[in-house]
Amino acid sequence: MKKILTLIVSFFAAFTPLQNASAHLSYSGRDFGTLVNDAAPLLNTSQTLSSSFGFADATDSSWGDSHRGRFFRFTLASTASVVISLQRNGNGTQTLYGGTSGSLLPAVSLYSGLGTIAPEALGHDSSALSIASRPGDKEGNLQTLADWSLGNDDTYNTAGDPTSGVRYAARLAYFTYIGNVADGTSANYGDASGINGDGTADGYVSGTFSNLSAGDYTFFVGGANYNAQNVEGVSSNGTYSYPTYGVNVSVQAVPEPSTWALIALGAGFVGWRTFRRRNT
Ligand SMILES: [Ca+2]
Ligand SMILES: [Ca+2]
């Protein structure tokens, strides 16, 4: 029931001046640029996730709220495989708003495509286009196991002034699902089919996404603790607040997979493998 209330709250929040720009899909501070094949991993240690359930909650039939995690981007100039690794850290509020210190089990979903970026307005779940694009029983537009889309608002010639005319019309940005990896097992991330758990719920997960063609990619990092949605989140004056959890995110373009993996790809398998935990 709380999720329904959250949806109602977010709906009305869209029409208040208090709407925070940070609530929109942004890559600010989360753009890995064009990856260089075989270069050292690029590491981002500055980001926190809002809640520990954002990935898992978006695997179910009610979809999920894109605010409950972070979006990153990278570009490939040519075909490559990309390793994405996640390690929880001690940053964030963690124990506030129903959260538990050290409980984050990170997960990532990779998509081709990009959200709307400046100079266009940024996308968000509560835009008119986003709301119109999804069935009414959803918590938001985010799907971590499927293609999805997110809409923005009109961008005016003069910011905030509709009378200045529309410079860029509102549109849906489309994300084409490629694959996922998640920390742990169905005991934490739930029973949706298609989740690639690493079998050990220890705060670390790594996956290789193989044979990615040149282009722009978006990946969502969120928590894989499905049941945390029942305990995290505290409402105050109609606004929910969530605990935040820090996560180290690394990205590396690596040589194309070996023959066995290419055979698997030929069978329609999106290659991924787990790596031994590299640090604690
Ligand atoms: Ca859900
Ligand atoms: Ca793990």
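As the structure is a computational prediction, the values presented were derived from the model and not from experiment. First listed ligand is number 1; within each ligand, the first listed atom is number 1.
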What angle, to the nearest 10°, do the atoms O (Trp63) and OD1 (Asp57) form about the Ca ion (ligand 1)?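 Nearest ten degrees: 120°.
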
Supply the atom-to-atom distance Leu172 CG to Ser127 OG, rounded to the nearest 0.5 angstrom.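 Going from CG on Leu172 over to OG on Ser127, the span is 7.0 Å.
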
Modelled atom types, side-chain donor and acceptor of Arg68 and Ser50, under 3.5 Å: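 Their side chains do contain a donor-acceptor pair, which is all the 3.5 Å distance test asks for.
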
Between the Ca ion (ligand 1) and Ser61, is there an N, O or S atom separated by less than 3.0 Å?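 Short answer: no, not a single N, O or S atom is under the cut-off.
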
Just to confirm my numbers, could you give the angle made at the Ca ion (ligand 2) by O of Tyr204 and O of Thr200, rounded to 10°?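 It comes to 150°.
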
Taking Asp198 for its side chain and Thr200 for its backbone only, find out whether a donor-acceptor pair lies under 3.5 Å.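 It does hold such a pair.
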
Closest to the Ca ion (ligand 1), which N/O/S atom of Glu139 is it?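 Result for Glu139 and the Ca ion (ligand 1): OE1.
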
For the Ca ion (ligand 1): the N/O/S atom of Asp60 at shortest distance: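 Looking only at N, O and S atoms of Asp60, the one nearest the Ca ion (ligand 1) is named OD1.
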
Measure the shortest side-chain to side-chain distance between Leu105 and Tyr245 over non-hydrogen atoms and say whether it is less than 4.5 angstrom.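 SC-SC contact between Leu105 and Tyr245 ruled out.
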
Of all the N, O or S atoms in [X], which has the shortest distance to the Ca ion (ligand 2)?
X	value
Asp183	OD1
Asp202	OD1
Asp198	OD2

For residues Tyr189 and Tyr226, establish whether the separation of their ring centroids is below 6.0 Å.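 Between Tyr189 and Tyr226, the centre distance exceeds or equals 6.0 Å.
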
Once the angle between the rings of Phe220 and Phe71 is folded into 0 to 90°, is it parallel (under 30°), tilted (30 to 60°) or perpendicular (over 60°)?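 If you compare the ring of Phe220 with that of Phe71, the planes turn out tilted.
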
